[in-house]
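Report on the structure given below.
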Amino acid sequence: MSTILVTGGTGTLGRPVTERLRAAGHEVRVLSRHSAPYAVDLRDGKGLDTAVTGVDTVVHCATTPRGGDERAALNLIAAAHRVGVGHLVYISIVGVDRVPLGYYRTKLAVERLIEGSELNWTVLRTTQFHDLVLRFLETCARLPVLPVPAGVSDQPVEVTEVATRLAGLATAAPAGRVPDMGGPEVRPLDDLARAYLRASGKRRRVVSVPLAGRTYRAFRAGGHLTPEQAVGEGTFEQFLERRLGERGRG
């Protein structure tokens, strides 16, 4: 079995990726800023060579919308070159080349760094995780009404399904850019909002709010969707039932 490093291995995606790889018998190293023995901030790279030495594959899940992803990727690529890592797997987002959102542009820039790195690589783009949609709706629901961008749909996908796909790619041969992975349903945001209200028992009026700008137009046009790759199985309602039920039991 191989030795695999998962960056961001304590995060929403990294944790289930790690679990699946270990269950398959692989030695997995978890890298995050606060996870010993591989506590590394990829943005400065201190201790990174130690973390990647002896590693066959790196699964790069670490990311932050607060900035620094490109610097982190450059440090990771350089370390992978120095120690001879055989395969770099990266998780990206559907629409990074179509939606002019700052974070999406950063993810696209990281993709291009990896593609030009001369490493063997695989890149998987997925639609938004159920978890992100839930956080968005919970934030909106703090108001007396629940506002959502008018005319925008989403295609949320179950993170554990993405983890299974990513773990499979990590243990296969480098494949370059693989087919996108989307959730099972493309649904208007106001419909997802009402599903959340039903599951949470909250009473709010859902208000569709027209917005302006290039990013909003790109989302309205479905630049972040991949209906032809609706390969996910878990629905948003199933996710809500499980997640909100876990909170209730907690």
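Note that this is a predicted model, so its numbers are computed, not measured.
- The shortest distance between side-chain heavy atoms of P184 and E233 does not fall below 4.5 Å.
- Members clustered with M1: none, using a 4.5 Å side-chain heavy-atom cutoff among hydrophobic residues.
- D180 has a carboxylate O that lies under 4.0 Å from a charged side-chain N of R177, or vice versa, which qualifies the two as a salt bridge.
- By the 4.5 Å heavy-atom criterion applied to side chains, V110 and T63 are not counted as neighbours.
- Remark: of the listed residues T64, L74, L31, N75, L31 is the sole one forming a side-chain contact (heavy atoms from CB on, under 4.5 Å) with L42.
- Partners of V178 by side-chain contact (heavy atoms from CB on, under 4.5 Å), not counting sequence neighbours, listed by chain and number: T122, L124, R165, L169, A175.
- With a 6.0 Å radius and a threshold of 12 heavy atoms from other residues, nucleotides or ligands, E118 has its CD atom at or below the threshold.
- Residues V96 and Y104 come closest through the heavy atom pair CB-O, 3.5 Å.
- In this structure the side chain of D56 never reaches within 4.5 angstrom of the side chain of H26, judged on heavy atoms.
- Under the 30°/60° scheme for interplanar angles, the aromatic rings of H224 and F219 are found to stand perpendicular.
- Side-chain contact between Y90 and V59 is absent, with no heavy-atom pair separated by less than 4.5 Å.
- Donor-acceptor pairing under 3.5 Å is recorded for the side chains of R20 and T164.
- Listed here is the closest heavy atom pair of T235 and Q238: N-OE1, 2.9 Å.
- Salt-bridge formation is not detected for the pair R112/E70: no Lys NZ or Arg NE/NH1/NH2 atom is positioned less than 4.0 Å from an Asp or Glu carboxylate oxygen.
- None of D97, T226, I93 except one satisfies the side-chain contact (heavy atoms from CB on, under 4.5 Å) rule with R125; the exception is D97.
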